[in-house]
Amino acid sequence: MIFRIFEKKELRSLFEILAAHNKIVGPVETGRDKDKNPVYAFAEVSDFNSIKLNYTTTKLPAKRYFLPFQEDLSTFRIKDGNWQKTIDYNAKEPLIFFGLHACDINALNKLDKVLLHSVYPTPYYAAKRKNMFIIGIDCVPQPFCFCRSMGSDTALHGFDMFITDLGAKYFVEILTDTAYNFLKNIKTEEPKEKDHVLYMKTTAERNKKFTAQVETTDLAKILDMEFQADVWKQWGDKCLACGTCSNVCPTCYCYGVEETVNIDLKGARKTKSLYSCNLIDFAEVAGGHNFRPERHTRLKYRYYHKHRGFVEAFEESLCVGCGRCGQACLAGINVPEVIASVRGGKIK
Amino acid sequence: MKPKLKFTDVTTQPPDTQRRKNDLSSFEYTHRAEITSVYPLTDMETIYRIQIIDPEERRRFKFVPGQFVMLEMPGIGEAPFSISSSPSIHGEVELCIRKAGNLTNFLSKVGRGAHVGIRGPFGTGFPMEEMRGQNILLIAGGLGLVPLRSPIAYVQENRSHFKEVNIIYGTKSPAHLLFQYQYEVWSKDDINLNIIVEKTDPAWKGSVGLITESLLKILTGRDSEFYHNTYAIVCGPPVMFKFVCNMLNKFHVPMQKMFVSLERRMHCGMGKCCRCNVGSTYTCLKGPVFDYWTVMNLKEAI
C-alpha cells in the first residue's frame, strides 16, 4: 500500500484531467427533504463544483451502475418460427466513481463474492465491475449507520484510491497502478510523520461519532435459535411488504426474469429486474403454492439471508450497515432494532 | 500519459459446455434444441422429447438422475424442469410437463419440430453409484414420479447392482396416474411396484389409501439389516415429505441415506437470483436433491 498527500485544490485538477477523457459518477445534491436537509444521489457529473464530497449518504446506492434495476439478458430475432439469440453484457465504457464511502465499497466487495468469485460468475456484473475505477472517500458517520458494527466502516480493498480529508490536505491510499499513474498528473508528496499523526487523530475522532450499533456476536447462531420467536410476527405486522428496503440496499441482488415478445412479433427479449424477497410472490412455485405466504416469514427471510445464510456461505454478513433500509422504510423498521429485539430486547 | 481508462472486454471467450464452472460465458448460454416427439399422458401432463441440435453439443450433454434443465421458449418464458429420462442417453432429454403457466400452456400448443432453448443440466443428482449393492426405495407422490423416472431407468438398466428394489407411487385418483404404459416394464426385472390411489373409481382394482400405508407394509417385519442397507428417494408435494421421512426415520433408515428432491421456482439456475433460496442454501446449486440430514438443518425447507 502506498500513501501520498496532496493539497485540496489538486483534487479539482485530478477531476478535470479524468473528466476530460472518462465518464464520472459522483454524489450530487438533488434537493431538500421535508426537514430542509439536503438529499444526495449518485449521478453522472462533468463539473467538479456539482460534486458534494462532504455528502452524508445517498438515498439510493450506486447499484444501478453495476446492477441495473432492469436490464436485458438477451434478445431474440424471430423469423418463420425460427429464432436467433443474442447476448449482450451491456457494458460499453469504463466508469469512474468519484467519492464512494467505505460502506458502498464494501458492498461491492460482498457482491463480488457471489457474482464474480463463485461458480457460474455473472458476466453482466463482471463486465461492469472490471471497467470501474473507484475513488473512495471518508464519510461523516450518521446517527443511523451501524457500519462499524458490521466491520465495514473502513475498506481494505475494492477501490483504486481512497482519500481522507485532513483539513488542509487530502491523504490518499493507493491500491492500483492505474491510480498511481493518474496521480502523476497532479502534485503529490510523501506523507511526513506529522501527516500520519494527523491521519490517526482524524480517524480516531471520526470513530467516536458512530452511535447506532448492532450486537453481532454469535448472531448467526442466535438467529437459528430464535427462528420461531414471536418478535418476527410483531415486525411482520408492521411490515408493509413493499420491497423498499431491497430497493435502497447496496447489496440486495435477487432478481426475477421475464420474457416479452416485441409488438412486431419479429423479436423478443429476456429482461432481468431486481426483485425483493419481501414481495408476496417471491417464493411462489408453479401451481400456486407459496413457501412464504405471510409477511413476517418474508421479513424474517430477508434478515436470515443477510445475517445468517450469507455468513454460512462466505463467512461474512451481507449487510454493510449503511442504514439506508431503516431510513427508507415506511413502517420505520430498522436493522439495529430488529436484531436487538431478536436478541431479547423489547420492540419500541 | 493520457488519463483514459482502458475498456476490458469480458466477452471474448467462447462458451465451453464442459468447463461450466467459473466460466463467464456460460451464464446465459443456451443449447438450441428441437422437440422431436410429443406424447400426451393425461389431460394435464405431456412428455416432450427434446434433442440438442448441434452434434458436438449433443455428444457432450450428460446428466445424472435428479438434475434439471432450464427450458426456454424465446419470448414466452423460461422455467426449470426435472429430467425424466434415462441418463444413459446423451444429448436428449425427456421432460414431463404439466400445463400450469404461460410457458407450459404455450408449449402444449407447439408441436413436434419446434425449436426451444435448453440451459443446463443444473443441480445435484441422486448418488446412484453410492447406492450400488443396497436396497432401493423409490417413493413418489403425484407429479413426484417425474424426477424419479430417471433413477428408475438407471436402476433398471443396472438391475444386477442393486438388491431389493421397491417403487411406491401414489396419486389422487386413477385418472392422475402417470407413465401407465411403463408399469409393466417396471414390474419386470424383479422390481416391486406398488401403486396406491386416494380416491378410487369403479374400474380401479389396485390399492386405495395413502403412500404411507404402502410404505408401512413394506417396512414392517423387516430386520435392522434391511433398514440400514436401504437408500430411499422421496419426491412429491411438500406435505408428503414430512410423513414419509418421519416413518423412514422411525424404522431407522439412516438420514444420510434418505434423499428428497425439493421444488422451487428458479430464474437463473446458478445461485444468483435467490428465488430458490432455502435457509442458507440454494436449491439450484446444492439441490434439488438433498439428503434428509441436510434438509433437517434447513429452515422452511419442507
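Residue numbers begin at 1 in each chain, while the letters A, B, ... track the order of the sequences. Keep in mind that what you see is a predicted model, and the values were worked out from it rather than measured. Worth knowing before you read on, the calculation uses all heavy atoms, side chains too, and leaves out hydrogens, waters and symmetry mates.
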message = Between B:Lys272 and A:Ser118, is there a side-chain donor-acceptor contact under 3.5 Å, judged purely by atom types and distance?
response = yes
query = Considering all heavy atoms of both residues, which atom of A:Pro123 and which atom of B:Phe27 are nearest to each other, and what is their separation?
reply = CD-CB, 3.2 Å
message = I'd like to know if the side chain of B:Arg32 and the backbone of A:Trp83 have a donor-acceptor N/O pair within less than 3.5 Å.
response = yes
Portion of A:Asp88 that has a non-hydrogen atom of chain B nearer than 4.5 angstrom = neither
Which portion of A:Leu115 sits near chain B, non-hydrogen atoms under 4.5 angstrom = both
request  = With a 4.5 angstrom heavy-atom cut-off, could you sort out which part of A:Tyr253 is near chain B: side chain, backbone, both or neither?
outcome  = both
Interchain contact, A:Tyr301 with chain B, by part (heavy-atom threshold 4.5 Å) = side chain
query = Under a 4.5 Å heavy-atom cut-off, does chain B meet the side chain of A:Glu312, its backbone, both or neither?
reply = side chain
key: Side chain / backbone / both / neither for A:Thr122 at chain B, heavy atoms under 4.5 Å   = both
ask   = For B:Cys276, is it the side chain, the backbone, both, or neither that has a heavy atom closer than 4.5 Å to a heavy atom of chain A?
value = neither
query = By a 4.5 Å heavy-atom criterion (distance strictly below it), what part of A:Lys270 contacts chain B: side chain, backbone, both, or neither?
reply = side chain
note = Applying a strict 4.5 Å limit to non-hydrogen atoms, the region of B:Met266 in contact with chain A is neither
query = Heavy-atom distance under 4.5 Å to chain B: side chain of A:Lys92, backbone, both or neither?
reply = backbone
key: Heavy-atom contact with chain B under 4.5 Å, split by part of A:Phe76   = side chain
inquiry  = Measuring from atom CE of A:Met132 to atom CG of B:Leu5, what distance do you get when rounded to the nearest 0.5 angstrom?
reply    = 12.0 Å
request  = With a 4.5 angstrom heavy-atom cut-off, could you sort out which part of B:Leu143 is near chain A: side chain, backbone, both or neither?
outcome  = neither
query = Is it the side chain or the backbone of A:Leu274 that comes within 4.5 Å of chain B heavy atoms, both, or neither?
reply = neither
query = Does any heavy atom of chain A fall under 4.5 Å from the side chain of B:Glu78, the backbone, both, or neither of them?
reply = both
task = Tell me, for A:Glu258 versus chain B, whether the close heavy atoms (under 4.5 Å) come from the side chain, the backbone, both or neither.
result = neither
key: Winner by heavy-atom pair count (cut-off under 4.5 Å) against chain B, out of A:Asn82, A:Val261, A:Ile96   = A:Asn82
message = Report which part of A:Tyr124 has an atom under 4.5 Å of a heavy atom belonging to chain B: side chain, backbone, both, or neither.
response = side chain
